[in-house]
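To start, the structure under review is shown below, and the notes come after it.
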2 protein chains.
Amino acid sequence: MVRNKVKLAFMENNTERRVSYRKRQKGFLTKARELNTLCDVELATLVNSPYHNELEVFPNHKAATGIFTKFIDLPEDKKSKNMKTHEKITTKRIEKIEKELEKVRKENKKME
Amino acid sequence: MVRNKVKLAFMENNTERRVSYRKRQKGFLTKARELNTLCDVELATLVNSPYHNELEVFPNHKAATGIFTKFIDLPEDKKSKNMKTHEKITTKRIEKIEKELEKVRKENKKME
DNA sequence: AACGCTATATTTAGCCC
DNA sequence: CGGGCTAAATATAGCGT
């Protein structure tokens with residue numbers, strides 16, 4: 001992502017991975033905070049890594065628990081009110097992801 | 001964050017907010033994916049917004065449910081200082097094993 | 001191991017269609 | 001509205017301490 005591009009794959013070097021983790025974890029939380037504040041959406045994240053003792057939770061333990069609980073308890077049928085619409089959305093999302101995947105693959109090839 | 005800086009506050013303009021949301025949501029998921037892949041940590045996110053019908057879940061419904069459940073079920077006493085010490089020991093052990101793993105990997109590469 | 005620095009890669013606000 | 005473009009802001013890999 002800088003100086004040299006980094007291939008999107010597990011970083012095998014322990015030291016580098018740890019340093020990268022610390023930096024990226026910080027950036028990730030910043031992005032979460034920005035999205036949350038600017039657009040006022042319900043957002044929670046959870047990171048469990050061997051690099052810190054406690055879990056990294058956003059925005060905080062209580063709020064995250066609330067959001068997660070609501071998600072887990074969500075009955076199956078609530079997840080697709082209208083199957084056709086649901087399928088359409090899913091298809092679109094898959095197309096998007098496939099495009100991104102293709103992009104990433106091309107980028108990775110370039111770097112080799 | 002570009003052209004003009006944006007104040008870290010709720011965007012009052014509906015259209016701008018929606019556009020910003022779409023862009024930032026995409027960026028946020030990318031960052032989650034990168035952190036997850038590069039550092040191989042247990043990571044889950046959940047975004048519920050009025051801008052899309054479904055919840056945005058990372059990495060997927062099943063994995064997220066698992067991670068969230070584990071988090072919610074975590075008993076209070078697991079957060080005690082004793083536990084932290086224990087976790088520290090575990091972390092150290094993991095570090096040791098990882099170093100060994102790295103060593104082995106290097107040796108394997110040499111042999112290729 | 002953790003920090004600070006900086007050169008680049010990446011993200012994204014403001015526009016245009 | 002949703003997609004594409006681009007300039008400017010940010011994030012971060014590699015390196016020195």
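Everything numeric in this text was worked out from a predicted model, so none of it was measured.
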Completion exercise
Protein heavy-atom contacts under 4.0 Å, written 5' to 3' over nucleotides 7-17 of chain D as B (base), S (sugar-phosphate only) or - (none), form the string BBBSBBBB---

Problem - Overall bend - the helix from C:dA2-D:dT17 to C:dC17-D:dG2, comparing terminal axes fitted on five pairs, nearest 10 degrees - result: 30°

Completion exercise
Rounded to the nearest 0.5 angstrom, the OG-CD distance for B:Ser49 and B:Gln25 is 7.0 Å

Starting from [atom2] on [N], measure out to [atom1] on [X] and report it in whole angstrom.
| X | N | atom1 | atom2 | answer |
| --- | --- | --- | --- | --- |
| B:Arg22 | C:dA13 | CZ | P | 12 Å |
| B:Arg18 | D:dG3 | CZ | C1' | 15 Å |
| B:His52 | D:dG2 | NE2 | P | 12 Å |

Handout entry: Sub-4.5 Å side-chain heavy-atom contact between B:Thr45 and A:Leu43
Key = no

Problem - Beyond-backbone contact of B:Leu46 with B:Phe68, side-chain heavy atoms, under 4.5 angstrom - result: yes

Exercise for the section: Answer yes or no: is there an ion pair linking B:Arg17 with B:Glu12, defined by an N-O contact shorter than 4.0 Å? Expected result: no

Exercise for the section: Examine B:Phe28 together with A:Phe28 and report whether their ring centres are nearer than 6.0 Å. Expected result: yes

Handout entry: Which atom of A:Arg33 lies closest to which atom of A:Phe58, heavy atoms considered
Key = CA-CZ, 3.7 Å

Problem - Shortest non-hydrogen separation from B:Ala44 to B:Ala64 and the atoms involved - result: CB-CA, 4.1 Å

Exercise for the section: Indicate if A:Val19 and B:Leu38 have the same hydrophobic cluster label, given that clusters are the connected sets of ILVMFWY residues with side-chain heavy-atom separations under 4.5 angstrom. Expected result: no

